[in-house]
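Written out below as structure tokens is the structure these notes cover.
Both ligands and their constituent atoms are indexed starting at 1 by order of listing.
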Amino acid sequence: MAVPTAPTTFDRMKEVKEFDKSKIGVKGLSDSGKTSIPSIFVHPPETVSTLLKSSSGTIGIPGSLQCRCTRSSVKDCGEHPGGSSTMGFLPSDQPWDTLISVTYSSNNNLYRSKAATWHDYVMVWMAPERPELDQIPELYRNELLAWDENAAKLTETLAELLSEGLGLHSKKLKESSLFETRIFGGMFYPYCPQPDLTVGLSDHTDPGVKTLLLKNGAPGLQVKYQGEWVDVKPLPGSVIINIGDFLEIVSNGEYRSVQHCVLANLKKQPRVSIVHWVDVGN
Ligand SMILES: O=C(O)CCC(=O)C(=O)O
Ligand SMILES: [Fe+2]
């Protein structure tokens, strides 16, 4: 069956601006009950079909990517289960706006990308400078602080493991400025009425050092493994660890940043993921 594509005649920038100005985000579009998605979200058919084909279930996530994290395995794995934490997300009564260190947004590159993606997010810059407490919305302030504290501890342990994996003293990476910036992210993927036309989050690698990812059990995350897109099956009580581009560079390619993406959510239940990006200091 022919897959519909975005009409070539529509004024993309006009529609992007209208969507941006509406401040309803993708959640608002999803809540509107419409059965089709706006043209600005439609991706080239080959992009989506490649991802959907891979996620048909014929290729599972390889066992080596789901191992328990050990000192000997850390260098060979892209993903390590670890601690866990839970939190609420995206208060609908909070202003859809940019505060000083807290950003609510829909898509991180709405104006630059050729096709928008089906997600909204909140980001809070936690380090090197933590925002004033009253800048963090009260609805999830305590949970966010608890998550940040635990994620930072896990990051310290990981920094030691990653150092040792390079044959360095365990404190070497930690003592560098590599792990100084910490950003909290709450990614929200509401139900998408046409998940075969768009994606939740486009194919990318994370720029920084590493990312911790905690999901609410909903599938959708894919990683590129040996040239194929494979599903990352949710593993209860686990976090996923992605190596970022910067760590790949400073480790001379010993650690590889991982290409990943998220499929558009076809379930009525939103997909939520909690992210802890770690990046170099200023
Ligand atoms: O939501 C996810 O599972 C992935 C999020 C992600 O890759 C990112 O925010 O960089
Ligand atoms: Fe990512």
Side-chain angles (χ1 to χ4, degrees), residues 25-27 30 43 47 51-52 54-55 61 65-66 78-82 84-90 102-110 112-113 116-126 144 147-148 151 155 158 181-192 195 198-225 229-249 255-267 269-280:
V26 171
K27 182 175 188 301
S30 178
H43 283 245
T47 310
L51 301 175
L52 291 176
S54 302
S55 70
I61 186 81
L65 291 185
Q66 290 194 347
E79 321 217 350
H80 303 267
S84 73
S85 170
T86 54
M87 69 179 301
F89 183 70
L90 269 188
V102 182
T103 306
Y104 289 101
S105 190
S106 183
N107 283 252
N108 57 355
N109 54 0
L110 195 56
R112 280 173 288 134
S113 64
T117 55
W118 203 257
H119 77 274
D120 301 325
Y121 68 87
V122 57
M123 254 186 184
V124 184
W125 275 256
M126 297 303 289
L144 189 155
W147 157 257
D148 181 63
T155 291
L158 278 165
T181 298
R182 291 203 313 273
I183 304 168
F184 162 87
M187 310 290 291
F188 187 75
Y189 304 85
Y191 164 69
C192 176
T198 190
V199 298
L201 186 64
S202 294
D203 169 13
H204 68 287
T205 54
D206 293 340
V209 180
K210 62 149 205 58
T211 305
L212 296 179
L213 250 173
L214 178 69
K215 301 183 289 170
N216 69 336
L221 179 66
Q222 295 197 330
V223 294
K224 202 155 205 189
Y225 182 70
W229 284 106
V230 296
D231 292 328
V232 177
K233 301 227 168 75
L235 204 59
S238 69
V239 292
I240 294 168
I241 296 153
N242 283 347
I243 300 293
D245 296 335
F246 203 80
L247 190 54
E248 173 168 332
I249 293 166
Y255 296 121
R256 292 289 167 89
S257 66
V258 62
Q259 220 176 320
H260 54 290
C261 68
V262 180
L263 300 176
N265 178 19
L266 48 80
K267 303 245 169 69
Q269 173 81 7
R271 177 183 187 277
V272 174
S273 55
I274 302 301
V275 187
H276 179 87
W277 290 286
V278 179
D279 214 327
V280 286

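Rounding to 10°, one obtains 90° for the angle at the Fe ion (ligand 2) between OD1 (D206) and NE2 (H204).
Judged purely by distance below 3.5 Å, without hydrogens or angles, the side chains of S202 and H204 never pair a donor atom with an acceptor atom.
Looking only at protein heavy atoms, the nearest one to atom 9 (O) of ligand 1 is W277 CZ2, 3.0 Å. At the top of the distance list for atom 2 (C) of ligand 1, counting protein heavy atoms only, stands S273 OG, 3.3 Å.
Contact atoms of ligand 1 toward R271: 1 (O), 2 (C), 3 (O) (distance under 4.0 Å to a heavy atom of the residue). Listed by number with element, the atoms of ligand 1 under 4.0 angstrom from any heavy atom of V262 are 1 (O), 2 (C), 3 (O), 4 (C). Below 4.0 Å from some heavy atom of M187 lie the following atoms of ligand 1, by number and element: 9 (O). For ligand 1, the atoms sitting less than 4.0 Å from at least one non-hydrogen atom of D206 are 10 (O), numbered in the order shown with element in parentheses.
Residue Y191 qualifies as enclosed at atom OH: its count of foreign heavy atoms under 6.0 Å is above 12.
Among the atoms of Y189, some N or O lies under 3.5 angstrom from an N or O of ligand 1.
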Evaluate side-chain contact (heavy atoms from CB on, under 4.5 Å) for Y121 paired with V275, printing each intermediate quantity in order.
-> CA-CA 10 Å; Y121 68 87; V275 187; over 6 Å; no
For the pair Y189 and L263, evaluate side-chain contact (heavy atoms from CB on, under 4.5 Å) and give the outcome as yes or no after the intermediate values.
-> CA-CA 9 Å; Y189 304 85; L263 300 176; over 6 Å; no
Could you walk me through whether D206 and H260 pass side chain to side chain donor-acceptor pair (under 3.5 Å), step by step?
-> CA-CA 9 Å; D206 293 340; H260 54 290; 3.2 Å; yes
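Counting all heavy atoms, side chain and backbone alike, I274 lies closest to F184 at CG2-CE1, 3.6 Å. Minimum heavy-atom separation, R271 to N265: N-ND2, 3.3 Å.
Ligand 1 does not have H119 within reach: every non-hydrogen atom of the residue lies 4.0 Å or more from it.
Of all the heavy atoms of Y121, none lies under 4.0 Å from any atom of ligand 1, so neither backbone nor side chain is involved. Residue-level proximity to ligand 1 for N242 is absent, since no heavy atom of it falls below 4.0 angstrom. Of all the heavy atoms of L201, the ones lying under 4.0 Å from any atom of ligand 1 belong exclusively to the side chain.
Of the inter-residue distances, the one linking H276 atom NE2 with I241 atom CD1 reads 10.5 Å to the nearest 0.5 angstrom.
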